[in-house]
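In what follows, chains carry the letters A, B, and so on, assigned in the order in which the sequence lines appear, proteins first and then strands, with residues in each chain numbered from 1. The shown structure was predicted, so the numbers you read here are calculated from the model rather than taken from an experiment.
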Amino acid sequence: MRITVGRLYRLLYTKLGPQGWWPIYDIDFKKCVYTPRKYRSNTDEEIFEISVGAVLTQNTTWKNVEKAIGNLKLSHTLSPDEIFKMNIKKLETLIRSSGYYREKAKKLKNLSRFFLENPIHKLRNKSIQELRNILLNIKGVGKETADSIILYAFQKPIFVIDTYTKRLYLRFFGDHMDYEYDELRNLFEKDLKHDWRIYSEYHALIVEVSKRYCFKNNPRCIDCILNNFCKYNLEIKLKDERELYLSKN
DNA sequence: CGCCAGGGCCTCA
DNA sequence: TGAGGCCATGGC
């Protein structure tokens, strides 16, 4: 049985369960928590916070981003108008832990200006394509960040492709390497129900399994929950068996 | 110590 | 349009 993109989702979900993305900062716990929001829309505040997180997590671990989000939240400045009018040096200090902090401070300024010029209640009604096009006009927001905002903040079905997704897809299915971003995105979307709940869980599951097992270097295939189906692992097994056979003869 | 992390922009062919 | 340099902190 050839495993498909759709079957990989069922497999991951069965093994790891729901992930509850995107995490929202909890003022009492002083950390980001995974609150189920499957059956309600995100609030305006949640939409902005998720968008800020999507920018801050560019090429950075979530742990470092969480601290930055906390600094903004605890200083009561996690809103478009507060960030827009904030002294840039102060903003840099608050988000320093997230890395590239000078660049990201500018990006958050641009993002805040965007939300001031485009009220969220209007953005909610836009089509995915409309929303994507205007988000991509923000300097500092590329395809992955735009898609993360559309999926996790606005709860609309678009599949997010990140480095984990590219790597896992390549290893698991093992076909050719050079997919364009939107090409790979379509590969996932055409095989799944166009449901933001599924897309959001699937992407989060890919990140989780990648962080646990599918490292860039020396992936832990032996322990990986996907190893019985993963082309990369099966080829390694074949190679090992072949070498063992050759060494004995 | 080196490598990597929930990328994107700019430049230069 | 594709490759390469740059941005920068923190965990392992």
Inset, instruction - Counting Watson-Crick and G-U wobble pairs only, both distances under 3.5 Å, name the nucleotide matched with C/dT9, or none. - result: B/dA5

Roughly, in whole Å, what's the span from [atom1] in [X] to [atom2] in [N]?
X        : N     : atom1 : atom2 : answer
A/Arg212 : B/dC4 : CZ    : P     : 22 Å
A/Lys104 : B/dG7 : NZ    : C1'   : 8 Å
A/Leu108 : B/dG7 : CG    : P     : 16 Å
A/Asn64  : B/dC4 : CG    : C1'   : 11 Å
A/Glu66  : B/dA5 : CD    : P     : 19 Å

Inset, instruction - Go through the side-chain N and O atoms of A/His203 and A/Tyr152 and say whether any donor and acceptor fall under 3.5 Å apart. - result: no

Inset, instruction - Answer yes if the side chains of A/Lys104 and A/Thr60 hold a donor-acceptor pair under 3.5 Å, and no otherwise. - result: yes

Legend entry - Per A/Arg167 side chain, nearest of listed nucleotides B/dC3, B/dA5, B/dG8: B/dA5

Inset, instruction - Please determine, for the side chain of A/Lys139, which listed nucleotide (B/dA5, B/dC10, B/dG7) has the closest atom? - result: B/dC10

Legend entry - Closest heavy-atom pair and its distance - A/Leu187, A/Val5: O-CG2, 4.2 Å

For a quick check of understanding: with a heavy-atom distance under 4.0 Å over all strands, which category does [X] fall into, base, sugar-phosphate or nothing?
X        : result
A/Gln19  : nothing
A/Thr163 : sugar-phosphate
A/Asp162 : sugar-phosphate
A/Lys211 : base

Legend entry - Ion pair check, A/Arg96 and A/Glu92, cut-off under 4.0 Å: no

Inset, instruction - Examine A/Tyr179 together with A/Tyr169 and report whether their ring centres are nearer than 6.0 Å. - result: yes

Inset, instruction - Answer with yes or no after comparing the ring centroid distance for A/Phe172 and A/Tyr232 against a 6.0 Å cut-off, counting only values under it. - result: no

Inset, instruction - On DNA chain C, reading 5' to 3', which nucleotide is the first and which the last to sit with an atom under 4.0 Å from a heavy atom of chain A, could you check? - result: C/dG2 to C/dG10

Inset, instruction - Quote, to the nearest angstrom, the P distance that separates C/dA8 from B/dC10. - result: 14 Å

Inset, instruction - State, yes or no, whether a side-chain contact exists between A/Leu205 and A/Trp21 at a heavy-atom distance under 4.5 Å. - result: no

Inset, instruction - Nearest-nucleotide wise, let me know which of A/Val141 and A/Thr60 is further upstream toward the 5' end of DNA chain B. - result: A/Thr60

